[in-house]
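One-based numbering, in listed order, for ligands and for the atoms of each. Note: hydrogens, waters and symmetry copies are ignored here, and every other heavy atom, side chains too, is used. Please read all numbers here as calculations on a predicted model, not as lab measurements.
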Amino acid sequence: MLTLLSAGGVRAQSEEPLAAVIERALARAREQAQIMARALEPLEGRLPRTTDEAGRLVTSDPGWWCSGFFPGVLWYLYEDSGDERFAAYAAGMTRRLEKVQYITDNHDVGFMLFCSYGNGWRLQGFPEEYRQVLLTGAASLATRYDPRIGLIRSWDFNRDRWHYPVIIDNMMNLELLLWASRMSGERRYRRMAVSHADKTLKNHFRDDASCYHVVSYDADGRVEKRETWQGLHDESAWSRGQGWALYGFTYMYRETGHRRYLRQAVRVADYLLGHPAMPSDGIPPWDLDVADPQTALRDASAAAVIASALIELSGYVDAARGARYLSFAERQLRTLSSERYLAAPGTHAGFILKHSVGFFAQHSEVDKPLTYADYYYVEALLRMKKRLSR
Ligand code: GLY
């Protein structure tokens, strides 16, 4: 049995065992997810997004980039509990995303389909219907790859500002292409994913391993701009973006075995863990370059993404580094599972975590529950639970 140490390597006598923290958090997640699933059942075609100022559920249509996260939460809760009610809820919510497979006007198809249909395919005995949706989704995503540039185009808006924008978040959508390549034998999907990751590795990162949010390319594939969209400023380190980078290069290593991706994931992890603005409880401010990290709003979603990625990455590195990553992820999960972040039963419209930051500069979803915080938190809980039982 793995023993994880809290910050400083000393566990207080009174500290709740990590396994108990995880079970308590998963029980809360099940309670909250059922509330949300019941509320959504009569709202045909709608998926959760956040809450409004009064704490009421705000929904989206399936075309919003976050539509796959709640189905994914339900699949994970089914995986953990074996409770068929969660499989039924998950299947119902997943079905709402059926048309997403045809979306070609943005890169988020990977997030949307892999969290919903992807988890469902894995947990439901590999249904052909799900496989087809995922393969069509991959084909749609692949239409956004320009071979002259060697990357997937993330967005189509702001065409007068960016010729060919690629955002760090786009790293998260390559997993669908790698899966589709294995399933269909279409080698080009894998080549696209590797090319995209290689060019991101080359062009998105600063010397200190932090990354830009948006890199725009000209028609010949040369970098024309490095900017931010959701971060504090162009040269800042937007916290969730650093999380997407860490998570993306970690699974790229898992899927390809290319050590350059492992090295990059380690560089990003070490940058994050050593950052002076990273609080000791492991929940970063929404941007690591905020003027005062002590008082700035924290982003639970970034913490959840980082925690989940660190747990996976800890299995690919040497024992000492792995222990450091696990210890940090443990701290993050303990903090997220405290009453400060974990929604009280029956509150926050069934969301699991409080205090995430969507788009600070646009005053959109600031200090709110968000579906992707819940998804990566539950994923991290399951990953940590598996580590503890090894
Ligand atoms: N992918 C959009 C975001 O992380 O806010």
K.L.:
Please identify each residue that fulfils side chain to side chain donor-acceptor pair (under 3.5 Å) with T335, with sequence neighbours left out.
P.N.:
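With sequence neighbours excluded, T335 shows a side chain to side chain donor-acceptor pair (under 3.5 Å) to no residue whatsoever.
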K.L.:
Tell me yes or no: between the side chains of S236 and D287, is some donor less than 3.5 Å from an acceptor?
P.N.:
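Result is yes, a qualifying pair exists.
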K.L.:
Check contact between W238 and ligand 1, using heavy atoms of the residue and a distance below 4.0 angstrom.
P.N.:
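Contact present.
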K.L.:
At a 4.0 Å cut-off, with the gap strictly under it, does some heavy atom of F359 reach an atom of ligand 1?
P.N.:
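No, that is not the case, since the closest heavy atom of the residue is not under 4.0 Å from the ligand.
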K.L.:
Is there any N or O on D108 that sits under 3.5 Å from an N or O of ligand 1?
P.N.:
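So ligand 1 has no N or O lying under 3.5 Å from an N or O of D108.
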K.L.:
W65 versus ligand 1: do any nitrogen or oxygen atoms come within less than 3.5 Å of each other?
P.N.:
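No; every N/O pair is 3.5 Å or more apart.
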K.L.:
When the ring planes of W244 and W65 are compared, do they come out parallel, tilted or perpendicular, using 30° and 60° as the limits?
P.N.:
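Perpendicular, since the angle between the ring planes exceeds 60°.
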K.L.:
Which atoms from ligand 1 have a heavy atom of R240 less than 4.0 Å away?
P.N.:
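The list of qualifying atoms is 3 (C), 4 (O), 5 (O).
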K.L.:
Relative to the heavy atoms of D169, which atoms of ligand 1 are at a distance of less than 4.0 Å?
P.N.:
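Near D169, the atoms of ligand 1 are 1 (N), 2 (C), 3 (C), 4 (O).
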K.L.:
Classify the angle between the aromatic ring planes of Y372 and F69 as parallel (below 30°), tilted (30 to 60°) or perpendicular (above 60°).
P.N.:
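Ring orientation of Y372 relative to F69: tilted.
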K.L.:
Could I get the full list of side-chain contact (heavy atoms from CB on, under 4.5 Å) partners for A197, not counting sequence neighbours?
P.N.:
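If we apply the side-chain contact (heavy atoms from CB on, under 4.5 Å) test to A197, skipping adjacent residues, the hits are M171, L174, F249, M252, Y261.
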